[in-house]
Amino acid sequence: MSTYDFDLFVIGGGSGGVRCARIAATHGARVGVAEERFWGGTCVNVGCVPKKIMVQAAEYGIWAEEAGAFGWQDMRKGAHRWPVLKQARDAEVERLSAIYGRLLGNAGATAFDAHARFIDAHTLDVGGKRVTAERIVIATGGHALRPDIPGAELGMISDDLFTLEDLPKRVAVVGGGYIALEFASLLDGLGAAVELMYRQDLPLRGFDGDIRAAMKDALDARGITQHTGHEVTALEKTAEGIRVSTTRGLHRTVDAVIFATGRLPNTRGLNLEAADIVPGRLGAIPVDAQQTTRQPHIFALGDVTDQMNLTPVATAQGHALADTLFGHNPRTASLANVPTAVFTIPPAATVGLSEEEAIQKGPLDIYLTRFTPMRHTISKLPRKTLMKLVVARDTQRVVGAHMIGDDAAEMMQGIAIAIVAGATKQDFDRTIGIHPTAAEEFVTLRSITRQVG
Ligand SMILES: Cc1cc2nc3c(=O)[nH]c(=O)nc-3n(C[C@H](O)[C@H](O)[C@H](O)COP(=O)(O)OP(=O)(O)OC[C@H]3O[C@@H](n4cnc5c(N)ncnc54)[C@H](O)[C@@H]3O)c2cc1C
């Protein structure tokens, strides 16, 4: 047995850290893990989970609006009661956070409710206690960025949405990434007048161009005002509310401003110099495919490495690392073909390469369809679905699938399996659809919409 207090010490009890600690402990390692704020981390407490509950709340209102067209005479949309939603959401978050803590105890790991920082490369200060470990994992996640502009303190960051006691009536959401769009969408659905302000012409930088354009149209159709090409320069408190000014001379007065302008890795406060670890650009910890830092016994995973900031990526990395170190099963988590979704109303989802990425690798056949789903032909809600397959012409492999429309996230998980398995367009063609669904369109796209390259 080693002379260290622990075989493995994990800093951070979020998605990646808890998975790594739990699996390492079940492999028989003596594991310690420190969490300074909330077990379960960002995803459970101020990210995926509470956000999705709020999106679902917003969807009920929209379904109630549509229900009349299906004959439900008395199901009209009433006023939304925010405190009821807040209480139900917070109770669920508390339940899940407690489960995360229990999972660690059940696996035999020692949990510390404390901040951890390096004293040297094998020693940590954990809430004032000196702890040594043979191996250390940094899984400290990230935090929302507040822009450096006058009056920035008047705005909120994403965490603050979950502390609001009531729905702000007029909201400016600053940013064009997925978190900004999701927040704009859910607040709009719950009844706020939402204005979205972002720098580019289209939202969702990095996503497929057709999805970006369709998303802009979808948010327009919901009545969300989008100020494109605007950078917010200042916030100011006035008698009427918060005055938001932009580079292009726009001034809007709202009740609340939410900045969703990016996130930074949590590396400050770790005293990384003591372990001779040098963070890279914007504070991210550089690692190789095995999650190893420049110190062979110190690893980093999840958002603190700023590679692909998604919960399933952090957990996959944590699990692979624990299996490698203690489970006699050396493996890495692949970051190729990671599916992802944007939980707007309607949602978008994607896996593999965008058309813009794929064309760099060779000529493409693009299959694309736009249609009004059956539900909305009845409800008359102006909501279109777009589905797109990006196919490498030479190999006929489907290298990317993209969708905006109801249930996009649920569908894309299955499509991702096909793409990870290397399915060709012919494999899609010989798959029989489920009728009547929107999903069947993915296997009935027969004619090439355009050839590129
Ligand atoms: C609003 C929002 C919505 C999101 N929606 C989605 C989504 O729909 N799907 C998805 O896949 N991802 C989503 N994400 C991203 C997802 O939450 C993160 O990718 C994921 O939580 C990363 O896990 P992690 O373990 O790397 O870090 P985290 O979950 O952030 O955990 C890190 C933990 O470390 C703790 N910590 C930090 N420093 C120390 C220290 N020195 N000592 C002790 N503890 C410390 C922190 O308190 C935190 O609990 C969302 C994020 C946000 C902000």
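Please read these numbers as outputs of a predicted model, since none were measured by experiment. Counting starts at 1 for both ligands and their atoms, in listed order.
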Quick one: look at [X] and ligand 1, take heavy-atom pairs under 4.0 Å, and tell me if it's side chain, backbone, both or neither.
| X | result |
| --- | --- |
| F38 | both |
| R263 | side chain |
| L310 | both |
| A139 | backbone |

Check: F112 ring centroid to F9 ring centroid under 6.0 Å |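 That pair passes the under 6.0 Å test.
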
Within the 4.0 Å heavy-atom shell around [X], which atoms of ligand 1 are there?
| X | answer |
| --- | --- |
| R37 | 47 (O) |
| A314 | 23 (O), 26 (O) |
| K51 | 4 (C), 5 (N), 6 (C), 7 (C), 8 (O) |
| G302 | 26 (O) |
| P312 | 11 (O) |
| N309 | 15 (C), 19 (O) |
| G14 | 25 (O), 29 (O), 31 (O), 33 (C) |
| L270 | 41 (N) |

Could you check if a side-chain atom of I258 sits within less than 4.5 angstrom of a side-chain atom of V174, using non-hydrogen atoms only?
->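 No, every pair of side-chain atoms sits at 4.5 Å or beyond.
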
List the atom of L104, the atom of A21, and the distance in Å for their closest heavy-atom pair.
->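 Minimum heavy-atom separation between L104 and A21: CD2-CB, 3.7 Å.
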
For E59 and I345, which heavy atoms make the closest approach, and how far apart are they?
->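 Nearest pair, atom of E59 first, then I345: CG-CD1, 4.0 Å.
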
Within 6.0 Å of CD in Q87, more than 12 heavy atoms from elsewhere =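 No - once you tally the heavy atoms of other residues, nucleotides and ligands closer than 6.0 Å, there are 12 at most.
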
Has R170 got more than 12 heavy atoms of other residues, nucleotides or ligands less than 6.0 Å from its CZ?
->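 It does: R170 CZ has more than 12 such atoms within range.
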
Can F38 and V44 be said to form a side chain to side chain contact (heavy atoms under 4.5 Å, CB included), step by step?
-> CA-CA 9 Å; F38 35 33; V44 168; over 6 Å; no

Which protein heavy atom lies closest to [atom], and at what distance to 0.1 Å?
| atom | result |
| --- | --- |
| atom 47 (O) of ligand 1 | E35 OE2, 2.7 Å |
| atom 38 (N) of ligand 1 | T140 CG2, 3.3 Å |
| atom 6 (C) of ligand 1 | C48 SG, 3.3 Å |
| atom 44 (N) of ligand 1 | E36 N, 3.2 Å |
| atom 34 (O) of ligand 1 | G12 CA, 3.3 Å |
| atom 27 (O) of ligand 1 | G141 CA, 3.2 Å |
| atom 21 (O) of ligand 1 | C43 N, 3.4 Å |
| atom 26 (O) of ligand 1 | D303 N, 2.9 Å |

Y100 six-ring centre to R19 NZ/CZ under 6.0 Å and within 45° of normal |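 Relative to the ring axis of Y100, which defines the angle, R19 lies outside at least one limit.
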
Looking at ligand 1, does any of its N/O atoms fall within less than 3.5 Å of an N/O of [X]?
| X | value |
| --- | --- |
| E182 | no |
| V46 | no |
| T311 | yes |
| G16 | yes |
| S158 | no |
| G40 | no |

Please step through salt bridge (charged side-chain N to carboxylate O under 4.0 Å, His left out) for the pair K388 and E355, ending with a clear verdict.
-> CA-CA 10 Å; K388 175 173 177 178; E355 181 178 332; 2.7 Å; yes

Can you tell me if A114 has a non-hydrogen atom under 4.0 Å from ligand 1?
->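 Yes, A114 has heavy atoms under 4.0 Å from ligand 1.
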
So is G269 in contact with ligand 1, going by heavy-atom distances below 4.0 Å?
->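 Per 4.0 Å heavy-atom rule, G269 does not contact ligand 1.
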
Can a donor-acceptor pair be found between the side chains of T123 and D120 at a distance below 3.5 Å?
->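 Looking only at side-chain atoms, D120 and T123 do form a donor-acceptor pair, the distance falling under 3.5 Å.
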
Got a sec, which pairs hit ring-ring contact (aromatic ring centres under 6.0 Å, His included) with one end in residues 289-323, sequence neighbours left out?
->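 Residue pairs passing ring-ring contact (aromatic ring centres under 6.0 Å, His included), neighbours aside: H122-H297.
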
Of all residues at least two apart in sequence or in a different chain, which pass the side-chain hydrogen bond (donor to acceptor under 3.5 Å, both in side chains) check with E195?
->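 side-chain hydrogen bond (donor to acceptor under 3.5 Å, both in side chains) check on E195 returns H227, R252.
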
Rounded distance (nearest 0.5 Å) linking atom CG of N45 with atom CZ of F162 |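 Here the interatomic distance stands at 10.0 Å.
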
In Å and rounded to the nearest 0.5 Å, what is the CG to CE distance from D406 to M411?
->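 Answer for the CG-CE pair, D406 versus M411, is 8.0 Å.
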
Between Y178, F162, F118, flag the one that comes closest to atom 4 (C) of ligand 1 by a heavy atom.
->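 Going through Y178, F162, F118 one by one, Y178 has the nearest heavy atom to atom 4 (C) of ligand 1.
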
Nearest heavy atom to atom 29 (O) of ligand 1: which of I11, V338, T42, L161 does it belong to?
->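 Comparing heavy atoms across I11, V338, T42, L161, the nearest one to atom 29 (O) of ligand 1 lies in T42.
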
Per the side-chain hydrogen bond (donor to acceptor under 3.5 Å, both in side chains) rule, which among R30, H27, R135 passes with D7?
->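 It is R30, the one option of R30, H27, R135 that forms the side-chain hydrogen bond (donor to acceptor under 3.5 Å, both in side chains) with D7.
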
Taking it one step at a time, do H230 and R199 satisfy side chain to side chain contact (heavy atoms under 4.5 Å, CB included)?
-> CA-CA 5 Å; H230 284 264; R199 269 192 244 168; over 6 Å; no

Yes or no on side chain to side chain contact (heavy atoms under 4.5 Å, CB included) for I138 and L270, after CA distance, side-chain angles and deciding distance?
-> CA-CA 9 Å; I138 304 167; L270 281 172; 3.7 Å; yes

